[in-house]
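One structure is given below, encoded as structure tokens.
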Protein chains: 2
Amino acid sequence: MPDTAIPAACAFADHDHAACSAAGLAQAEALCAAQGARLTPVRRRTLEILLEAHRALGAYEVLERLRSDGFGGQPPVAYRALEFLEAMGLVHRIRRLNAFAACMRPGEAHQALFLICRRCEALAEAPGGRVRAAVEAAAAETGFAVERASLEATGLCPACRAEAP
Amino acid sequence: MPDTAIPAACAFADHDHAACSAAGLAQAEALCAAQGARLTPVRRRTLEILLEAHRALGAYEVLERLRSDGFGGQPPVAYRALEFLEAMGLVHRIRRLNAFAACMRPGEAHQALFLICRRCEALAEAPGGRVRAAVEAAAAETGFAVERASLEATGLCPACRAEAP
DNA sequence: TCTTGACACGTTACAGGATAACATCCTAGA
DNA sequence: TCTAGGATGTTATCCTGTAACGTGTCAAGA
Ligand SMILES: [Zn+2]
Ligand SMILES: [Zn+2]
Ligand SMILES: [Zn+2]
Ligand SMILES: [Zn+2]
């Protein structure tokens, strides 16, 4: 596993790492409390890991960090925590990358649209409301009822567009 | 592997199986010829398999059939054929399903939008032009240049909508 | 207080998906 | 004919994901 070679930030714009990480955690607390769900230590730590990394992590990368924090080191531990967080809308799964990333807008109901830079692996979560509407319109023509949509685009982020050939 | 329990057609509307399968193969021939690419026996058979199945197949399902047809029985054989076909625009990869499906509109440049029924596993390829445009518009706001987009929706197909609770 | 059931956590074991690396073969073009 | 590139085949291994089962915890209800 190439633990190196992963620069990538989670949004294209610069911003206060620590702040957005802390805010994410606080919102998670609030959200879970509001819904009577339990943000247990493993779950909490899993979210923290994703917030700190500030990019998409594979389940096994998360697992490795959980293990070194003294939590169970077997795959189901990570997958269960990630599933819980996804169900709570705190984490998104990015299928194209077989990876998970902390949500940038927890609490707000929203359709995410992921922009993945193929050069620096940066990942941004853009608002996908319009796109979602277009999907539903297209689906409606065949009578299909959309429940969930995964919208993932690859290309070049602003920085790489400038640098790259 | 549950070889049973997979009814699913590749489009929601009924249509002439054999005809669309043959047509697909013919178009593939033409397309490869036009581009000087070689539609070799494995590649051809792989496409045939997907056209006949008329639904999304995992690489290992394809592989199994290739093997029983006397072709190489190791994963790379299937993956290479599938990659080639995808590059030629004859096959799409559906990441949500870890599977591949024959393209319904080979030759025409198009953005595919996949509609996946969660109940009967039917898969339809809808025209995604509008959706793609919406994706690009959203991406443009952050300066991101979209190269490829995977658009996959899950929900209920018309038939299952009627039957299901 | 004692049961009992729901839920989280942990582990084992395995299934399923994908690729790196190397050997062989075929085929188009010099 | 010779040769370089592409296509196939094989081995081995890695990454991703899940089924199944046991244990501990906590709170509601007997
Ligand atoms: Zn989000
Ligand atoms: Zn970039
Ligand atoms: Zn298509
Ligand atoms: Zn259906």
Side-chain angles (χ1 to χ4, degrees), chain A residues 1-3 5-6 28 32 35-47 49-50 56-88 90-101 121 150, chain B residues 1-6 28 32-33 35-47 49-50 56-88 90-101 121 150:
Chain A
M1 192 175 302
D3 211 351
I6 313 174
C32 288
Q35 300 189 33
R38 297 168 53 190
L39 189 61
T40 61
V42 214
R43 293 169 175 176
R44 188 190 163 90
R45 181 67 192 126
T46 299
L47 178 57
I49 288 169
L50 289 178
L57 294 181
Y60 278 65
E61 284 181 279
V62 170
L63 179 59
E64 202 177 304
R65 303 185 193 203
L66 284 177
R67 181 185 297 135
S68 69
D69 284 352
F71 294 98
Q74 270 53 49
V77 173
Y79 280 101
R80 284 195 287 235
L82 291 166
E83 268 157 39
F84 169 85
L85 293 169
E86 197 192 4
M88 295 296 296
L90 297 168
V91 157
H92 293 291
R93 183 171 199 160
I94 292 112
R95 311 212 75 118
R96 189 137 188 158
L97 301 176
N98 290 330
F100 299 81
E121 302 189 48
S150 42
Chain B
M1 189 176 305
D3 211 351
T4 55
I6 310 174
C32 288
Q35 299 189 35
R38 297 169 52 191
L39 188 62
T40 61
V42 214
R43 293 169 176 176
R44 187 192 164 89
R45 182 67 192 126
T46 299
L47 179 57
I49 287 168
L50 289 178
L57 294 182
Y60 279 64
E61 284 182 280
V62 171
L63 179 59
E64 203 177 303
R65 301 183 196 203
L66 284 176
R67 182 186 294 135
S68 68
D69 283 352
F71 294 98
Q74 270 54 47
V77 172
Y79 280 101
R80 284 195 291 236
L82 290 166
E83 268 158 37
F84 169 85
L85 293 168
E86 198 191 5
M88 295 296 297
L90 296 168
V91 157
H92 294 290
R93 183 171 198 158
I94 291 111
R95 312 210 73 115
R96 190 139 188 156
L97 300 177
N98 292 329
F100 299 82
E121 301 190 50
S150 42

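When reading the values below, keep in mind they use all heavy atoms of this one structure, side chains included, and skip hydrogens, waters and symmetry mates. Per chain, numbering begins at 1; letters A, B, ... match sequence-line order.
Listed by chain and number, the residues in a salt bridge (charged side-chain N to carboxylate O under 4.0 Å, His left out) with A:Glu86 are A:Arg148 (sequence neighbours excluded).
Summarising the geometry, atom CD belonging to A:Glu61 is positioned 10.5 Å from atom CD1 belonging to A:Ile49; distances are rounded to the nearest 0.5 Å.
Separating the CG atom of A:Leu63 from the C1' atom of D:dG17 is a distance of 12 Å, rounded to the nearest angstrom. For the pair A:Phe71 CZ and C:dG10 P, the interatomic distance rounds to 7 Å; values are reported in whole Å. Between the P atom of C:dA6 and the CZ atom of A:Arg80 lies a distance of 18 Å, rounded to the nearest Å. Between the CZ atom of A:Arg43 and the P atom of C:dA8 there is a distance of 4 Å, rounded to whole Å. Taking atom CD of residue A:Glu83 and atom P of nucleotide C:dC7, one finds them 16 Å apart after rounding to whole Å. When rounded to the nearest whole Å, the span between CZ of A:Arg93 and P of D:dT18 equals 6 Å. Atom P of nucleotide D:dC15 and atom CG of A:Leu97 are separated by 16 Å, given to the nearest angstrom. B:Arg38 places its CZ atom 8 Å from the C1' atom of C:dA28, with the value rounded to the nearest Å.
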- Message: Set out, in order, the CA-CA distance, both residues' side-chain angles and the distance that settles side chain to side chain contact (heavy atoms under 4.5 Å, CB included) for A:Glu83 and A:Tyr79, then state yes or no.
- Response: CA-CA 6 Å; A:Glu83 268 157 39; A:Tyr79 280 101; 4.2 Å; yes

- Item | A:Leu50 vs A:Leu90, side chain to side chain contact (heavy atoms under 4.5 Å, CB included): CA-CA, chis, key distance, verdict | CA-CA 10 Å; A:Leu50 289 178; A:Leu90 297 168; over 6 Å; no

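A donor N or O paired with an acceptor N or O is not found under 3.5 Å between the base of C:dG16 and the side-chain atoms of B:Tyr60.
Counting any heavy atom pair closer than 4.0 Å across all strands shown, A:Gly73 reaches sugar-phosphate atoms only and no base atom.
The shortest non-hydrogen separation linking B:Arg96 to A:Ser150 is NH1-OG, 3.0 Å.
Note on B:Tyr79: a side-chain N or O is less than 4.0 Å away from OP1 or OP2 of C:dA18. A sub-4.0 Å separation between OP1 or OP2 of C:dG10 and a side-chain N or O of A:Gln74 is absent.
Between A:Gly70 and B:Asn98, the one whose closest nucleotide on DNA chain C sits nearer the 5' end is A:Gly70.
Distance from the side chain of B:Val42 is smallest for D:dG9 among the nucleotides C:dT11, D:dT10, D:dG9. In this structure, of D:dT10, D:dG17, C:dT11, it is D:dT10 that holds the atom nearest to the side chain of B:Val77.
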